[in-house]
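Take a look at the structure below.
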Amino acid sequence: MIVALAGGVGGARLAVGLAAVLPPQRLTVVVNTGDDFEHLGLSICPDLDTVMYTLAGLNNPALGWGRADETWSFMETLQALGGETWFRLGDRDLAVHVLRTAALARGERLSDITRTLTQRFGIAHAVVPMSDDRVRTVVLTNEGELAFQDYFVRRRCAPAVSGFRFEGAEDAEMPQALRAIVDGDVEAVVVCPSNPFVSIAPMLAVPAIREWLERRTFPVVAVSPIVGGDAVKGPAAKMMRELGVDASASGVARHYGSLVDAWVIDERDASEARAIAALGKRVRVTDTLMTDTAKSAALAEAVLEVAGEASRG
Ligand code: FO1
């Protein structure tokens, strides 16, 4: 089994590549839920939905969230009635939030709800939230503490960040579905090119996930989310600069330290390979920009090759 840790767009695109080259029984995608929040009475899970829509081929590539072919009657009506519109919920997307919210209210587990939804979207590979328990990312900024979506969407990542808290993570457990997988035969873990601070760190803050990785007998391979000194998408590079972390592929490698055994970095960052190798890491340089499914699959193949090399030593 290959276990991929994924956040938003970068994670979803690599998940598509891995799903193209691995059969369903060999891939589990674990998704960040630190971005989840309650809005207008609905339970919203942005990263789960980005991964789900992307695997189903229904994602909106222009926005990076929500569904393609979306309509906005609900938002327009909400605006006309004086409702809150800073967080945009499309009509088709809304159906998922309504179903999920109702199922959670009946006491169903997020992992079970996610399995049902992904199956209904025709996705054969397993997508599992990092926990069924509530974890909420809080961003520490020069304007005080902000709930993640307030920072990300309402404030468009403008405040300078000084740190993060993952509320609830210490008491969060792995979903049963993930427990069964990590207790089985894991060949490798893939850290997708997702934001290290707000996509991957919340998962590592769940004690059972961190301890499982610390005791590992399999390699962890990561794809750098930083290409040419900038994030492919989102605020990762801005956050790194604000936190005093070098916004480069080698800066990310130093940030993850012993948690990652092998790195896949972009060919635009070939000059970084030596610095990462000097940390004792295996390094593969390739084209990491996943602009279509074929490129996602090619990157997935490279990641699996590096994992194979790393496990052979
Ligand atoms: N991101 C935005 O920048 N603006 C939005 O209005 C917005 C709405 C939205 C609705 C559903 C959903 O699943 C995601 C949505 N996102 C929106 C994206 C999301 O909040 C962030 O991209 C992720 O949390 C970061 O990974």
Side-chain angles (χ1 to χ4, degrees), residues 4-15 29-56 58-79 83-101 104 110 113-114 117-118 121 127 129-130 134-139 146-159 161 164 166-167 191-203 205 225 231-239 290:
L5 306 183
V9 177
R13 288 192 180 165
L14 187 53
V29 184
V30 181
V31 179
N32 171 43
T33 59
D35 296 10
D36 295 8
F37 79 133
E38 288 68 40
H39 184 59
L40 304 173
L42 298 168
S43 295
I44 320 256
C45 304
D47 283 357
L48 275 174
D49 290 349
T50 296
V51 169
M52 182 170 74
Y53 291 149
T54 308
L55 281 172
L58 296 171
N59 60 301
N60 186 324
L63 288 176
W65 50 269
R67 288 185 59 157
D69 200 17
E70 188 57 281
T71 59
W72 301 94
S73 300
F74 169 69
M75 272 288 113
E76 284 157 21
T77 312
L78 195 66
Q79 179 151 31
E84 273 186 69
T85 54
W86 62 273
F87 195 83
R88 292 161 61 205
L89 296 173
D91 301 334
R92 291 178 199 280
D93 186 32
L94 196 54
V96 163
H97 308 309
V98 169
L99 282 180
R100 179 192 290 124
T101 304
L104 286 170
L110 183 60
I113 300 164
T114 303
L117 284 171
T118 50
F121 276 111
V127 176
M130 69 190 201
R134 180 192 165 95
V135 177
R136 294 292 179 267
T137 297
V138 177
V139 187
L146 294 172
F148 180 78
Q149 297 298 342
D150 277 339
Y151 162 79
F152 195 93
V153 177
R154 207 200 287 254
R155 299 298 322 280
R156 297 170 199 270
C157 307
V161 304
F164 306 91
F166 307 110
E167 236 167 55
V191 178
C192 292
S194 298
N195 187 306
F197 308 103
V198 295
S199 293
I200 304 298
M203 294 193 249
V232 178
K233 193 168 190 321
K238 176 179 183 282
M239 287 177 174
M290 296 177 278

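We count ligands from 1, going down the list as the structure has it; atoms in each ligand are counted the same way.
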Residues 35-45 side chain polar contacts: donor-acceptor under 3.5 Å, at least two apart:
| residue | atom | partner | partner atom | Å |
| --- | --- | --- | --- | --- |
| D35 | OD1 | N32 | ND2 | 3.1 |
| E38 | OE1 | R134 | NH1 | 3.3 |
| E38 | OE2 | R136 | NH2 | 2.7 |

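Contact detail for T114 and V127: the closest heavy-atom pair is CG2-O, 3.5 Å.
Counting only N and O atoms by type, the side chains of E84 and W86 include a donor and acceptor under 3.5 Å apart. Defined by atom type and a distance below 3.5 Å, a donor-acceptor pair is present between the side-chain atoms of Y53 and D93.
For the salt bridge (Lys or Arg N to Asp or Glu O under 4.0 Å) test, residues two or more places apart in sequence or in another chain that qualify with D49 are R100. Taking the side-chain hydrogen bond (donor to acceptor under 3.5 Å, both in side chains) definition, one finds that T71 meets it with D91, sequence neighbours left out.
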Write 'none' if nothing qualifies; otherwise put on separate lines each N/O atom of ligand 1 with a protein N/O atom under 3.5 Å away and their distance to 0.1 Å.
| residue | atom | partner | partner atom | Å |
| --- | --- | --- | --- | --- |
| ligand 1 | 1 (N) | W65 | NE1 | 3.2 |
| ligand 1 | 6 (O) | R88 | N | 2.9 |
| ligand 1 | 20 (O) | Q149 | OE1 | 2.8 |
| ligand 1 | 20 (O) | Q149 | NE2 | 3.3 |
| ligand 1 | 24 (O) | D35 | OD2 | 2.7 |
| ligand 1 | 24 (O) | Q149 | NE2 | 3.0 |
| ligand 1 | 26 (O) | D35 | OD2 | 3.0 |
| ligand 1 | 26 (O) | D47 | OD1 | 2.8 |

